[in-house]
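Scroll down for the structure; my scribbles are underneath it.
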Amino acid sequence: MYKNVIVKKPGKSYVNGLTTSDLGKPDYGRLLEQHVAYVEALKACGVEVTQLPESEEFPDSTFVEDAAVVTPEFAIITNPGAESRNGEKEEIEVVLKQFYSKFHYINSPGTLDGGDVLQVDKHFYIGISERTNRDGAEQFKNIAETEGYTATIVELQEFFHLKTGIAYLGNNTIAAAGEFLNHPDFDTYEKVEIPDTDEYSANCIKVNDHVIIPKGFDETKRKLAERGLKTIELEMSEFQKHDGGLSCLSLRF
Ligand code: CIR
């Protein structure tokens, strides 16, 4: 069960942040409404939410997941692969000091974004992507192993981040899209298969007794319900415009 979640209010500079999508410019008012709804949904899942104020200096910093990876026992401060985002790790470390005494760090030339790390109980999957290089992934694997975890490094073919296309739903079950549908590293899991048309909904988050999914993906909702999973749907349009999904917006522990 998760007890705590850290989120960060998006600043006005968000609209000038990084994106690869052609979905248009985010509307700041709508973005804030969607962020408020996200925080409310988390609270409904029974967690304590720590909300950090916006920082205009870092347009993408509402995507807190990329600057750290948190476990029940320790935190890993990452080394985000996009230059404009790298400084986000300093603020996240300060905040995490309220919750953790044990820290590990990914160091240059290794880079790693938290969006490339999927935790399944005592195992991590680490994606090599545009943002996470092999050095960063190897450093993470070593840290995991010194802490009694195991880890698999996965080379991404298409996805932006590992968790863009995969989520762990508990009970040996994953939601998987695109390159993960038939990926040998994930063939021991039960799969909620997400077709290409609904790919965005593969980035969902299980928070205690609920799975939070983006709005507008009825087939994903139905498949989760079939497995007895309760869902909360959230409008995510303004985050999607900047390549962000549900997992990116919080650190959960
Ligand atoms: C970026 O390009 O870094 C942001 N616009 C989106 C980051 C999304 N984070 C994630 O998938 N973990």
Side-chain angles (χ1 to χ4, degrees), residues 1-10 21 23 26 30-51 62-66 70 114-115 117-121 125 159-181 183 186 188-253:
M1 292 286 278
Y2 293 122
K3 264 173 56 192
N4 288 294
V5 170
I6 295 173
V7 300
K8 184 171 168 72
K9 188 179 170 192
S21 96
L23 298 171
R30 222 179 295 153
L31 178 82
L32 286 184
E33 281 169 24
Q34 292 177 6
H35 197 260
V36 168
Y38 182 76
V39 172
E40 288 311 311
L42 288 169
K43 287 183 183 161
C45 296
V47 293
E48 189 79 33
V49 180
T50 299
Q51 173 139 221
T62 190
F63 300 117
V64 283
E65 164 179 87
D66 291 318
V70 287
V117 178
L118 173 70
Q119 188 180 348
V120 177
D121 304 323
Y125 293 93
F159 280 124
F160 174 54
H161 279 130
L162 181 85
K163 278 184 288 191
T164 310
I166 194 164
Y168 186 58
L169 303 171
N171 242 340
N172 200 47
T173 303
I174 54 171
E179 66 194 82
F180 299 130
L181 284 170
H183 195 295
F186 301 104
T188 58
Y189 294 98
E190 291 283 310
K191 281 193 196 94
V192 174
E193 297 193 0
I194 312 275
D196 289 355
T197 46
D198 293 347
E199 185 184 291
Y200 184 66
S201 64
N203 182 274
C204 52
I205 46 173
K206 180 149 193 304
V207 185
N208 301 337
D209 295 333
H210 289 87
V211 183
I212 306 181
I213 63 171
K215 209 177 197 129
F217 298 94
D218 292 345
E219 196 48 20
T220 301
K221 184 179 167 164
R222 192 189 59 73
K223 286 180 180 170
L224 294 173
E226 232 172 54
R227 288 173 187 268
L229 292 162
K230 287 183 281 186
T231 50
I232 299 176
E233 288 175 275
L234 291 180
E235 185 54 69
M236 288 291 289
S237 62
E238 307 314 296
F239 295 105
Q240 188 177 9
K241 286 175 181 172
H242 276 201
D243 298 334
L246 288 157
S247 75
C248 327
L249 291 174
S250 57
L251 288 168
R252 304 167 294 280
F253 51 104

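For T231 (side chain) and I212 (main-chain N/O), no donor-acceptor pair under 3.5 Å exists by modelled atom type. Put simply, the side chain of K163 gets close to the backbone of V117: a donor and an acceptor are under 3.5 Å apart. In terms of modelled atom types and a separation under 3.5 Å, the side chain of R252 and the main chain of S247 share a donor-acceptor contact. H35 contributes a side-chain N or O that, together with a main-chain N or O of K8, makes up a donor-acceptor pair within less than 3.5 Å. E179 places no side-chain N or O within donor-acceptor distance of the main-chain N or O of L181, the cut-off being under 3.5 Å.
Residue pairs meeting the salt bridge (charged side-chain N to carboxylate O under 4.0 Å, His left out) criterion with at least one member in residues 193-204, sequence neighbours excluded, do not occur. The salt bridge (charged side-chain N to carboxylate O under 4.0 Å, His left out) analysis of residues 225-247, with sequence neighbours excluded, yields the pairs R30-E238, E190-R227, K221-E233, R222-E226, E238-K241.
Using a 30° and 60° split on the angle between ring planes, Y168 and Y189 fall in the perpendicular class, above 60°. Below 30°, between 30° and 60°, or above 60°: for Y200 and F217 the angle between ring planes is between 30° and 60°, a tilted geometry.
The 12-atom threshold is not exceeded at CG of N171, counting heavy atoms of other residues, nucleotides or ligands nearer than 6.0 Å. Heavy atoms of other residues, nucleotides or ligands lying less than 6.0 angstrom from CD of E219 number more than 12.
The closest side-chain donor-acceptor pair between S21 and Q240, if any, does not fall under 3.5 angstrom.
The SG atom of C45 sits 9.5 Å away from atom CE of M1, with the distance rounded to the nearest 0.5 Å. A distance of 10.0 Å separates CG in L162 from OH in Y125, rounded to the nearest 0.5 Å. With rounding to the nearest 0.5 angstrom, the CG atom of D218 is 12.0 Å from the NZ atom of K223. In this structure, the separation between CD1 on I213 and CG on N203 is 12.0 Å, given to the nearest 0.5 Å. Of the inter-residue distances, the one linking I174 atom CD1 with L118 atom CG reads 8.0 Å to the nearest 0.5 angstrom. The OG atom of S250 lies 8.5 Å from the OH atom of Y2; values are rounded to the nearest 0.5 Å.
Nearest heavy-atom pair across G115 and E65 is CA-OE1, 3.3 Å. The two atoms that bring Q34 and S237 nearest to each other are NE2-OG, 2.9 Å, heavy atoms only. Looking at every heavy atom in both residues, S201 comes nearest to I194 through OG-CG2, 3.6 Å. Shown here for A176 and K191, the closest heavy-atom pair between the two residues is CB-CD, 4.2 Å. Shortest non-hydrogen contact noted between C204 and A167 is O-CB, 3.4 Å. When all heavy atoms are compared, the tightest approach of A175 to A202 is CB-O, 4.4 Å.
Just one residue in the list V7, T50, I6 forms a side chain to side chain contact (heavy atoms under 4.5 Å, CB included) with L251, and that residue is I6.
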Begin with the C-alpha distance, continue with both residues' side-chain angles, and end with the deciding distance and a verdict on ring-ring contact (aromatic ring centres under 6.0 Å, His included) for Y38 and F239. CA-CA 11 Å; Y38 182 76; F239 295 105; 7.4 Å; no
Start with the C-alpha distance between L31 and T62, add both sets of side-chain angles, then the distance that settles side chain to side chain contact (heavy atoms under 4.5 Å, CB included), and finish with yes or no. CA-CA 11 Å; L31 178 82; T62 190; over 6 Å; no
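Side-chain contact between T173 and L229 is absent, with no heavy-atom pair separated by less than 4.5 Å. A 4.5 Å side-chain heavy-atom check between H161 and D66 finds at least one atom pair inside the cut-off.
With sequence neighbours left out, the side chain to side chain contact (heavy atoms under 4.5 Å, CB included) criterion links K3 to no other residue.
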